[in-house]
Amino acid sequence: MNLRMLAPLLWLFMLHCVALTARPLSLSNCSKTDLTDLNETISALSLRNCSIERLDNAFFLRYTQLLSLELNDCGLIELDDFALHGLPLLQTLSLAYNNLTVVKSWSNEPLAALGTLDLRHNAIGALNEKSFDRYPQLQHLNLAANLIEQIEAGIFHGLTHLRHLNLGRNRLQVIDGSMFDGLHRLSTLSLHYNAIGLVEPDAFQSNTHLRTLRLEGNRLESVQFLRERGLSRLVSLNLSHNLLKQLPHFSFSKNYELQHLDISRNSLCELTNDSLAGLESLERLNLSHNTLSHMEEHSLAPLTSLLQLDISANLLTNLSSALFHSNRLLQYLNLSHNKLKVMESQLLEHLAQLTNLQLAHNKLDSVDWLQHLPSALNRQALSVDLSSNRLHSVDQSILNGFKLINLADNPWDCNWLIKNMLRTSPASINFARSWPTISAETESVLNIEGFDCFDGQKNLSIVLLDVSIVRKQSDVASSCEHATDEGNLTPPPLTWPKIRTDRFDSRSVIIWMLVAIALVFAALRWARRHVDRKDKQKNYRQATNHCNNAK
Ligand SMILES: *[C@@H]1O[C@H](CO)[C@@H](O)[C@H](O)[C@H]1NC(C)=O
Ligand SMILES: *[C@@H]1O[C@H](CO)[C@@H](O)[C@H](O)[C@H]1NC(C)=O
Ligand SMILES: *[C@@H]1O[C@H](CO)[C@@H](O)[C@H](O)[C@H]1NC(C)=O
Ligand SMILES: *[C@@H]1O[C@H](CO)[C@@H](O)[C@H](O)[C@H]1NC(C)=O
Ligand SMILES: *[C@@H]1O[C@H](CO)[C@@H](O)[C@H](O)[C@H]1NC(C)=O
Ligand SMILES: *[C@@H]1O[C@H](CO)[C@@H](O)[C@H](O)[C@H]1NC(C)=O
Ligand SMILES: *[C@@H]1O[C@H](CO)[C@@H](O)[C@H](O)[C@H]1NC(C)=O
Ligand SMILES: *[C@@H]1O[C@H](CO)[C@@H](O)[C@H](O)[C@H]1NC(C)=O
Ligand SMILES: *[C@@H]1O[C@H](CO)[C@@H](O)[C@H](O)[C@H]1NC(C)=O
Ligand SMILES: *[C@@H]1O[C@H](CO)[C@@H](O)[C@H](O)[C@H]1NC(C)=O
């Protein structure tokens with residue numbers, strides 16, 4: 001162990017001692033005059049919502065021990081050229097949420113210890129060569145939510161230690177080849193929510209350590225720049241919310257370390273066999289909210305490390321039966337909000353690690369494919385959401401043994417449903433959905449379990465009433481409580497008849513089923529009338545929606 005390795009430790013230790021002997025100070029709602037007689041030994045000064053439009057030269061000269069200085073939300077418009085002079089130990093400076101229009105060093109000597117500079121939420125429009133020339137140790141620079149339209153070549157040249165640069169929510173349109181030149185240690189670059197339509201192919205050529213790149217919320221139509229060598233160490237890439245229509249062959253062939261890729265909310269129509277070639281380290285892929293209608297049989301084949309895949313909210317009607325055959329580690333698969341009519345029996349046959357399968361809002365009319373899950377799969381750990389599909393009846397023996405199967409909002413056949421509900425089904429299978437109902441007494445919304453079913457031409461809605469739950473909910477909702485007596489149940493605060501029940505068991509289901517079917521239309525009519533009357537009141541908007549849906 002040599003001495004040079006100890007030096008940084010000693011330095012840290014010294015800083016630590018300074019921090020311990022000096023004191024931090026936070027002020028809010030203050031004015032400039034409150035700052036004239038502070039204790040000179042303070043190490044951290046944090047001002048929020050003070051009123052300081054302008055800082056004069058050498059304003060903090062007496063506070064030589066300052067390590068951290070924050071002036072947030074103080075209406076700062078201008079700092080004199082040397083306002084920060086005399087702060088040799090300063091490590092953190094935040095001037096966020098002010099009205100600054102320029103960036104300077106505001107000192108006539110380098111702020112040699114400054115590692116973090118936060119200038120979020122100002123009105124900075126342009127950067128110039130002098131902006132960052134006295135910040136030799138800067139590692140974090142936050143310029144998000146400003147008005148920056150353009151960055152000239154060489155602006156960041158002096159910042160050789162910079163690791164994290166945030167330029168999100170500005171007005172950049174083009175990322176050209178020289179903007180980030182020289183930032184060899186840059187590890188995180190955030191360019192989200194600008195108006196970027198073009199990233200030049202050599203834009204990140206010298207940023208060989210880039211691990212995280214955020215480009216979501218821009219106007220990109222092409223990802224051509226990804227093929228350049230600079231991005232070979234990228235781990236996380238966010239391209240969500242852009243205008244991508246296609247992924248040309250081998251777009252990601254150089255990003256072999258990429259683990260998280262988000263391409264959600266674009267306009268992709270199809271994935272070809274080569275679209276995702278090269279992504280063998282990828283663990284999380286989000287393709288949701290596109291317009292995918294076709295995925296070639298081997299389009300996911302390169303993704304052998306994939307753990308999480310979201311293809312929800314697309315236009316898929318069928319999936320090739322070998323689509324997932326290479327993704328043997330997949331744990332989470334979201335296929336909800338598509339137009340799937342069938343699931344091929346071989347589709348999931350290699351997914352032995354699956355724990356979460358989302359298929360809600362599709363057009364499936366059968367669950368037989370669940371019989372073909374791999375035998376190595378732990379069914380006790382798997383949740384399947386099949387709500388809002390087109391199931392009329394299912395063979396319940398197929399559904400036993402899973403962690404959770406959600407079957408709510410399917411067009412059940414009434415005869416089948418009632419017959420099968422009478423055999424108590426395990427708690428892991430859920431048929432019902434929540435049924436918001438307005439209670440007349442408390443004027444609050446009670447959530448009751450129920451389901452719809454279809455009996456030839458008639459649509460029926462069955463509501464499961466468990467009086468003890470209704471009563472509990474109304475007690476919570478109502479502020480004027482009456483004393484309740486366990487032996488003597490108070491009536492439910494609903495307008496339908498008082499009926500006693502103990503527990504939700506199979507016997508009461510029989511009784512309730514019959515009663516509820518008879519009552520449900522009356523109840524719904526009542527609810528609708530009640531809702532209409534209250535229509536104008538904001539509080540009931542939500543309830544109204546549910547009721548209309550329930551119809
Ligand atoms: C600042 O002023 C506002 C409004 O006058 C007040 O609500 C708030 O509590 C004040 N904050 C402090 C820390 O005094
Ligand atoms: C900020 O300070 C002003 C005046 O000192 C006060 O009116 C305002 O409510 C304060 N705002 C907050 C969020 O404390
Ligand atoms: C400033 O703080 C230090 C350390 O807490 C204390 O010893 C000193 O008396 C204070 N000085 C003044 C002028 O309050
Ligand atoms: C400073 O910025 C705030 C928030 O952006 C804005 O409401 C305020 O009008 C600005 N003040 C001046 C003097 O420009
Ligand atoms: C990508 O950006 C969107 C929008 O900001 C965000 O919701 C999403 O979580 C991000 N994805 C990843 C993988 O971080
Ligand atoms: C994609 O791969 C499958 C299986 O190898 C093959 O049948 C199909 O023709 C390929 N598609 C294209 C466009 O090459
Ligand atoms: C995928 O992206 C969508 C939209 O950006 C987001 O709502 C969803 O949570 C993401 N999925 C995952 C699994 O992160
Ligand atoms: C699956 O995707 C849908 C639609 O994007 C989303 O609403 C849902 O929350 C996702 N499911 C899970 C479990 O993340
Ligand atoms: C999906 O359905 C279309 C139209 O029915 C058919 O042409 C195509 O071959 C099917 N694709 C797969 C992968 O089964
Ligand atoms: C039953 O519901 C379906 C879909 O919600 C609807 O199309 C149909 O008209 C309804 N039938 C009757 C008799 O109300």
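Each ligand, and each atom within it, is numbered from 1 in the order the structure gives.
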Q. Does any N or O atom in N99 lie less than 3.5 angstrom from one in ligand 4, N or O only?
A. yes
Q: Check each of N238, L239, I263 against atom 14 (O) of ligand 5 and report the one with the nearest heavy atom.
A: N238
**Q.** Enumerated ligand 5 atoms positioned under 4.0 Å from heavy atoms of E216
**A.** 2 (O), 4 (C), 5 (O)
Q. Which of the atoms in ligand 5, numbered in the order shown and given with their element, are less than 4.0 Å from a heavy-atom of R284?
A. 13 (C)
Starting from [atom], which protein heavy atom do you reach first, and at what distance in Å?
atom                    : result
atom 9 (O) of ligand 5  : D262 OD2, 4.5 Å
atom 10 (C) of ligand 6 : N273 ND2, 2.5 Å
atom 13 (C) of ligand 6 : E296 OE2, 3.1 Å

Q) In terms of the angle between their ring planes, are H85 and F82 parallel, tilted or perpendicular, with boundaries placed at 30° and 60°? A) perpendicular
Q.
Would you say atom 4 (C) of ligand 4 makes contact with the protein, given that contact here means a non-hydrogen protein atom less than 4.0 Å away?
A. no
**Q.** Sub-4.0 Å protein heavy atom near atom 7 (O) of ligand 4
**A.** no
Q) Is it true that R265 and E216 have a side-chain N and a carboxylate O under 4.0 angstrom from each other? A) no
Q) Less than 4.0 Å between a side-chain N and a carboxylate O, is that true for K32 and E53? A) no
Q. Under the criterion side chain to side chain contact (heavy atoms under 4.5 Å, CB included), which of L234, L231, L279 is the partner of F252?
A.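 Testing F252 for a side chain to side chain contact (heavy atoms under 4.5 Å, CB included) against L234, L231, L279 leaves exactly one candidate, L279.
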Q) Can we say the SG-SG distance for C50 and C74 is below 2.5 Å? A) no
Q.
Distance check, rounded to the nearest 0.5 Å: S275 atom OG versus H298 atom NE2?
A.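 Taking OG in S275 and NE2 in H298, the distance rounds to 14.0 Å.
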Q) Is there any N or O on R214 that sits under 3.5 Å from an N or O of ligand 5? A) no
**Q.** Close N or O approach (E297, ligand 6; < 3.5 Å)
**A.** no
**Q.** Residue pair L309 / L330, side-chain heavy-atom distance below 4.5 Å
**A.**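 A side-chain contact exists here, since the closest heavy-atom pair is under 4.5 Å.
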Q) Is L69 close to T92 at the side-chain level, that is, under 4.5 Å between some pair of heavy atoms? A)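 Not touching, per the 4.5 Å side-chain cut-off.
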Q. Between H241 and ligand 5, which residue portion shows a heavy-atom distance shorter than 4.0 Å: side chain, backbone, both, or neither?
A. neither
Q: Give the C-alpha distance, both sets of side-chain angles, the deciding distance and a yes or no for side-chain hydrogen bond (donor to acceptor under 3.5 Å, both in side chains) between T188 and H164.
A: CA-CA 5 Å; T188 309; H164 307 282; 2.9 Å; yes
Q.
Please determine whether any non-hydrogen atom of H192 lies less than 4.0 Å from an atom of ligand 5.
A.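 No; H192 lies far enough from ligand 5 that no heavy-atom distance drops under 4.0 Å.
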